[in-house]
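Below you'll find the structure, written out as structure tokens, and then a few comments.
Below, chains carry the letters A, B, ... as their sequence lines are ordered, and counting in each starts from 1.
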Amino acid sequence: EYAYTSLLDAYCKAGNLTEATKMIKEMLQAGININIVTYTTLLNGLCAEGRMREAKEVFKVMLKAGVAPDQQIYTALLHGYIKAGEMENAIEILNEIKEKNIKPDLLLYGTMVWGLCTENKLEEAERVINEMKVFGLNPNHFIYTALMDGYFKADKVKEAVAIFQEMCDHGIEISVVTCCTLIDGLCKKGLVLEAANYFGRIVDLGLEPNIAVYTALMDGFGKIGCIEKAKKLFDEILDKGISPDNAAYTSLIDGYLKCGNHKEAMKLYNRMIEVGLEIDLHAYTSLIWGFSQCGELQQAKIWLDEMIEKGILPDEILCISLLRKYYELGSEVEAVELQNELVKRGLIKQ
RNA sequence: AAGGAAAGGGCAGUA
């Protein structure tokens, strides 16, 4: 029974929900008890994929089976709703928790704080943190990091940095995610040199920067036009034997395209193909947007067709940007042709 | 060792 749930969890974490649901059926047929751990595992897997209707269905089935929900399954469900942006449902879950008199634990509080931060409700987040302190629960690095991220994204740099300082002063653990949040936050506000300074101090904390940390800083340099610095970081990633992922490649590609160097961007694209990365929506969008900005309309159009063929649909913003470039630089005939095509495919409105 | 929380990549027009 433990072994079944372990395997189920492995499938869910790998995003293989098809196998996971197959397993559940097997378990039922084999007469294996489905307990709250099994339900939570499956529900969490569905939430991770954004399949909230099905997640809620699992929850209802569990209630019908007479199993009482605990903090863990509520945390998973709440997190799923917040991630999916279904705030009304998230609030409903919170009310349900209150009605049932379930005392939130550290992770449930953490999810609440994170949700409020993603909604820019920082005062409320602070209030929740105070509440948990009253109940004798001390916020951990997950919670501080979520709060710091919230302050950065709300343009409150001073407050965000103060949170980091508070973490240091209070001996709260600093994780790689914390560092990434700090570095990304500073970069996004144009404080790239400060970010680079913190980056240099990561190893002093006994941490190894991962691909996300590198990408955050690399992106920062790219955005302020220091493409050589960005490239240097990229080479450092390779030297360390870390494999750059889609985000890392896309960030550097975007950096090159923003300074008009579509040749280097193309080299990176080729490299992505070579190492077997799937060009995803973000990558296509950066490439098409950047190449059209560089006046490379033919190549942009090739990628546009390619992504549509793969079933990766460009959003309206990208289509309109490309179209405008066609009208600006290309022939009128081609532009009209593209416009008709995009309308026909339902990618832009008439 | 059966389940739950934090971080990084693209943005036209319009106001």
Open item on the list: Let's go through A:K231 and A:E228 carefully: what are the C-alpha distance in whole Å and the side-chain angles of both, what is the deciding distance for salt bridge (charged side-chain N to carboxylate O under 4.0 Å, His left out) to 0.1 Å, and is it a yes or a no?
Closed with: CA-CA 5 Å; A:K231 178 63 164 69; A:E228 333 73 44; over 6 Å; no
Under 4.0 Å, counting only non-hydrogen atoms across every strand here, what does [X] touch: a base, just sugar-phosphate, or nothing?
X	result
A:A146	sugar-phosphate
A:A216	sugar-phosphate
A:S286	sugar-phosphate
A:T181	sugar-phosphate
A:L108	base
A:S251	sugar-phosphate
A:A283	base
A:I36	base

Nearest to side-chain heavy atoms of [X], which nucleotide of [options]:
X	options	value
A:K223	B:G9, B:A5, B:A6	B:G9
A:T250	B:G9, B:G4, B:A2	B:G9
A:T75	B:A7, B:A6, B:G4	B:G4
A:D315	B:C11, B:G3, B:A6	B:C11
A:L281	B:A5, B:G9, B:G10	B:G10
A:I211	B:G4, B:C11, B:G8	B:G8
A:Q72	B:A2, B:A6, B:G4	B:G4
A:W289	B:G10, B:A5, B:G4	B:G10
A:S175	B:A6, B:G3, B:G10	B:A6
A:V177	B:G3, B:A6, B:G9	B:A6

Between atom [atom1] in [X] and atom [atom2] in [N], what is the gap in whole Å?
X	N	atom1	atom2	result
A:I143	B:A5	CD1	P	13 Å
A:L77	B:G3	CG	P	19 Å
A:F164	B:A7	CZ	C1'	13 Å
A:Y326	B:A12	OH	C1'	16 Å
A:L257	B:G10	CG	P	12 Å
A:F291	B:G10	CZ	P	17 Å
A:M112	B:G4	CE	P	20 Å
A:E173	B:A5	CD	C1'	14 Å

Task: Residue of the set A:Y249, A:Y284, A:W303 for which ring-ring contact (aromatic ring centres under 6.0 Å, His included) holds with A:Y269 - done: A:W303
Is the phosphate of [N], meaning OP1 or OP2, less than 4.0 Å from a side-chain N or O of [X]?
X	N	result
A:K188	B:A7	no
A:H282	B:G8	no
A:K258	B:C11	yes
A:K13	B:G4	yes

- [ ] Decide yes or no for A:L277 and A:R271: does some side-chain heavy atom of the first lie under 4.5 Å from some side-chain heavy atom of the second?
- [x]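 A side-chain contact is absent here, since even the closest heavy-atom pair is not under 4.5 Å.
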Polar side-chain contact [X]-[N] base: donor and acceptor under 3.5 Å:
X	N	result
A:N210	B:G8	no
A:T41	B:G3	no
A:N35	B:G3	no
A:Q71	B:G4	no
A:D70	B:G3	yes
A:T111	B:A5	no

- [ ] Could you walk me through whether A:Y327 and A:Q339 pass side-chain hydrogen bond (donor to acceptor under 3.5 Å, both in side chains), step by step?
- [x] CA-CA 10 Å; A:Y327 275 112; A:Q339 182 164 13; 2.5 Å; yes
- [ ] Determine, stepwise, if the pair A:T250 / A:L268 fulfils side chain to side chain contact (heavy atoms under 4.5 Å, CB included).
- [x] CA-CA 9 Å; A:T250 306; A:L268 287 165; over 6 Å; no
- [ ] Could you check A:I308, A:T285, A:I288, A:I320 and say which one makes a side-chain contact (heavy atoms from CB on, under 4.5 Å) with A:P314?
- [x] A:I308
Open item on the list: Going by ring pair (Phe, Tyr, Trp, His ring centres under 6.0 Å), name the residues that satisfy it together with A:F142, two or more places apart in sequence or in a different chain.
Closed with: none
Task: CA sep, side-chain torsions, deciding dist, call: A:E19, A:K22, salt bridge (charged side-chain N to carboxylate O under 4.0 Å, His left out) - done: CA-CA 5 Å; A:E19 277 304 319; A:K22 223 189 262 174; 3.2 Å; yes
